[in-house]
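Structure first, commentary second.
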Amino acid sequence: MDQLQPVEIEEYIKGELLYTIFHNDVEHFSIAKVKILDTNLNYDEKEIVIKGYFSQLQEGTVYRFIGQLEKHPKYGQQYSVISYQTFIPDTKEGLIAYLASDMFYGIGKRTAKKVVDHLGESAVSSILNNPSVLDSVPGLKKEAANTIVKTLQENQGFEHVVVYLAKYNIGLKMAQKVYEQYKDETIELLEDDPYRLVFDVEGFGFHTADEIAKKNGLSLSSPNRIGAGCIYILQRSVQDGHAFLPLNQCLDEVSALLSNQEYVLTEDEIKSTIEKLNKEKNVILYKGKVYLPSLYYAEDGFASSVKRLISSQMDEATTLADLMKIIGKIEEEEILSYGKEQFAAIEQALKSKLMILTGGPGTGKTTVIKGIIKAYAAVHNLSVETADYEHKKDFPFVLAAPTGRAAKRLNESTGLPALTIHRLLGWNGSEGFEKNEHEPLNGKYLIIDEFSMVDIWLANNLFKAIPTDMQVLIVGDEDQLPSVGPGQVLTDLLENNHIPKVSLHEVYRQKEGSKIIQLAHSIKNDTCSVDSLTNDKDFSFIACREHQVVDVITKVFEKAMNKGLDVRDIQVLAPMYKSQAGITIINNALQALINPKGKGKREVRHHDTLFRIGDKVIQLVNQPEDHVYNGDIGEVVAIFRENENTENVEQLVVSFDEREVVYERKDYDNLMLAYCISIHKSQGSEFPIVILPVVSTYNRMLRKNLLYTAITRGQKSLIVCGEKQAFLRGIQTKDTNKRYTSLQEQLIERLGDVQVSSGDTVEEEYDISPYDFM
Ligand SMILES: Nc1ncnc2c1ncn2[C@@H]1O[C@H](COP(=O)(O)OP(=O)(O)OP(=O)(O)O)[C@@H](O)[C@H]1O
């Protein structure tokens with residue numbers, strides 16, 4: 001017997017808008033109180049709070065809202081609106097009252113009656129279909145007719161778009177974006193060429209455009225469809241870190257996306273569309289590679305900046321003898337003796353416009369950075385005390401890193417001011433960067449740490465803003481995970497022979513007996529075996545299965561709490577969110593243990609997450625206006641109810657170090673519990689104690705660079721829990737997902753004939769010690 005399909009009945013509320021509780025002009029997000037006139041919901045109250053993205057809501061107007069009931073833990077039922085329409089009265093009296101309402105400026109009852117008497121109960125749809133019907137209304141002034149048409153179009157235009165897109169499961173927020181772009185032409189455009197939205201509206205997906213096109217009977221072979229398919233395939237490749245796709249791969253992927261059993265797209269059709277897109281500058285086709293323009297120009301711009309920097313003239317070089325003396329003096333002050341590689345790094349940095357310093361943990365990168373700063377200051381007769389500079393901008397050393405925590409670490413280890421790269425460049429969100437080639441950075445010596453995290457877009461913007469007379473030191477570890485964004489800038493730079501680089505290999509921290517460092521280097525050098533996993537004072541491996549991971553981690557925390565340790569010093573890192581040993585489950589278990597529900601302890605629920613005062617949380621996106629960036633970790637310090645602040649909205653306050661940031665409900669998506677965070681999010685940060693679960697369920701994710709990144713986050717102690725075999729398999733698995741980038745070629749093209757002004761790349765052995773000159 002055939003099963004009966006459930007019939008979906010659309011739930012609605014017809015109601016009069018009483019008053020707006022909150023409205024955000026930028027996002028068009030509103031919360032309002034509505035008097036219910038009619039509904040098919042199982043809801044007995046006479047009024048309800050609605051929320052959603054609206055262009056404009058008029059008090060006193062009746063709307064028909066479609067959405068769903070949500071239960072707010074404190075405020076009870078609220079209606080989250082997916083789509084809405086002004087309710088146009090269907091009686092003559094109602095219609096007259098509607099047209100005579102405040103919404104229609106200057107239209108009184110008499111004029112409204114004239115219109116309704118002449119055009120009948122369907123007056124509104126008649127006017128919207130053909131505004132000239134108003135010309136036939138006896139005695140209606142032109143000005144009044146214009147007001148009626150304009151008001152109806154303004155209100156109904158957006159609502160039509162909302163209703164139209166809701167059929168394709170597109171919510172109010174995207175509908176707003178689409179409407180802002182095309183206004184009254186939106187529906188026409190959606191019906192004639194929905195693929196244009198893939199180009200014009202950020203975040204509008206190809207599949208939605210395809211669905212709209214199919215419903216409207218548009219041809220599967222239209223060039224617009226093929227073009228949008230190409231853009232979609234390139235956008236998808238960027239998410240995998242590629243800067244371009246080889247033409248053949250692009251053809252294959254577009255064909256697989258667009259062809260089906262009835263319709264097969266030929267290679268020539270796709271190729272000629274790509275050529276057309278290239279002519280229109282919607283993609284760049286260059287030497288058999290297909291790029292999104294922003295990536296082509298980022299690689300091109302970055303390579304040009306590198307050439308500009310390294311081919312510019314250096315100041316008169318200091319003699320080796322003078323440098324030896326200077327470094328010798330620094331060694332005395334620092335009470336250490338630089339190793340050969342370290343010495344070479346300081347010397348090379350001083351005589352290079354651009355140099356790369358690489359090395360694993362504990363090889364002395366920070367020690368060398370401090371040495372370079374002191375030596376540069378001595379050679380140029382400068383002070384390294386910020387207090388000696390009246391204007392902050394005159395301070396000669398500029399230090400930056402890709403994340404807030406990495407910048408903080410750089411500041412703590414050098415004692416000098418350090419910023420995030422975004423902050424250094426004055427990023428204002430949609431307006432872009434304040435600093436650029438026309439408004440360059442101030443300072444003489446720039447140091448960028450954790451460069452492996454910098455993607456090609458940011459690298460281009462950063463290098464554009466570097467003035468030609470500035471010297472630059474790039475610091476990084478190429479074995480860490482690559483940048484989240486596209487490109488592999490550090491790896492590509494290291495491949496180029498014209499760019500001076502020094503790699504530190506000797507491990508100094510190991511001498512202090514650190515097992516974490518030993519383990520890191522054995523992974524880096526592919527010598528790690530089961531013997532490397534024996535317990536030591538700063539390392540332990542707790543064997544357990546996937547279903548025991550949460551239990552083991554909670555036990556470790558319990559023990560730490562009993563010992564009086566600060567649990568904020570312990571960070572759990574895991575590779576994935578789902579699974580019995582995933583981030584979500586670990587977070588919930590640790591929240592229940594460390595920060596349980598308590599009498600009077602406020603909490604708010606957001607989807608499946610409960611945020612409670614005292615919770616450790618992580619910021620998931622850059623929010624430059626509040627100086628809080630992706631990966632910053634903070635603590636929920638307050639939760640305010642609607643009636644407790646002047647904005648009349650619920651607020652959650654998070655403290656990030658000394659800075660407090662206020663979040664409203666629409667921003668809660670930017671936060672997540674952070675007792676356990678992903679290894680990707682931990683890049684650039686270090687924590688006193690790291691707990692790392694590794695089980696075979698993570699297999700898909702377990703790679704050498706991922707595990708290397710995770711274990712090098714631990715400063716004092718590392719606890720790995722799980723399966724040794726899964727760990728060993730993981731560190732033997734190299735990341736074979738090759739990123740397509742053409743930066744190396746771009747650099748060779750430009751630097752092939754460049755005379756690097758500093759001299760050669762350092763590769764020779766240094767047998768001289770500073771003491772030879774003292
Ligand atoms: N030449 C040296 N002589 C003695 N000790 C050194 C020397 N170089 C570095 N060290 C010591 O080794 C330890 C690690 O050095 P440093 O912090 O500079 O390394 P790093 O590469 O920046 O490490 P990480 O990447 O883990 O932060 C420090 O305690 C430092 O004082």
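Counting begins at 1 with the first residue of the sequence. We count ligands from 1, going down the list as the structure has it; atoms in each ligand are counted the same way. A quick note: this is a predicted structure, and the numbers were derived from the prediction, not measured.
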Problem set entry | Option whose closest heavy atom lies nearest to atom 15 (O) of ligand 1, chosen from Thr363, Leu504, Thr367 | Thr367

For this session: Assess whether side-chain contact (heavy atoms from CB on, under 4.5 Å) is satisfied between Leu473 and Leu446, documenting all intermediate values.
Result: CA-CA 6 Å; Leu473 176 70; Leu446 171 68; over 6 Å; no

Exercise. Ser413: heavy atom below 4.0 Å from ligand 1, yes or no?
Worked result: no

Problem set entry | Note, Met453 side chain near Thr403 side chain (heavy atom, < 4.5 Å) | yes

Exercise. For Ala401, does its backbone N or O pair with a side-chain atom of Asp449 as donor and acceptor, under 3.5 Å?
Worked result: no

Exercise. What do you reckon, are the aromatic ring centroids of Tyr376 and Phe397 less than 6.0 Å apart?
Worked result: yes

Within-cut-off N or O pair, [X] and ligand 1, under 3.5 Å:
| X | answer |
| --- | --- |
| Gly362 | yes |
| Thr366 | yes |
| Gly364 | yes |

Exercise. Hey, which atoms in ligand 1 end up nearer than 4.0 Å to a heavy atom of Gly360?
Worked result: 21 (O)

Problem set entry | Thr709: which of Lys704, Arg703, Gln480, His680 passes side-chain hydrogen bond (donor to acceptor under 3.5 Å, both in side chains) | Gln480

Problem set entry | Residue portion contacting ligand 1 (non-hydrogen atoms closer than 4.0 Å) for Ser337 | backbone

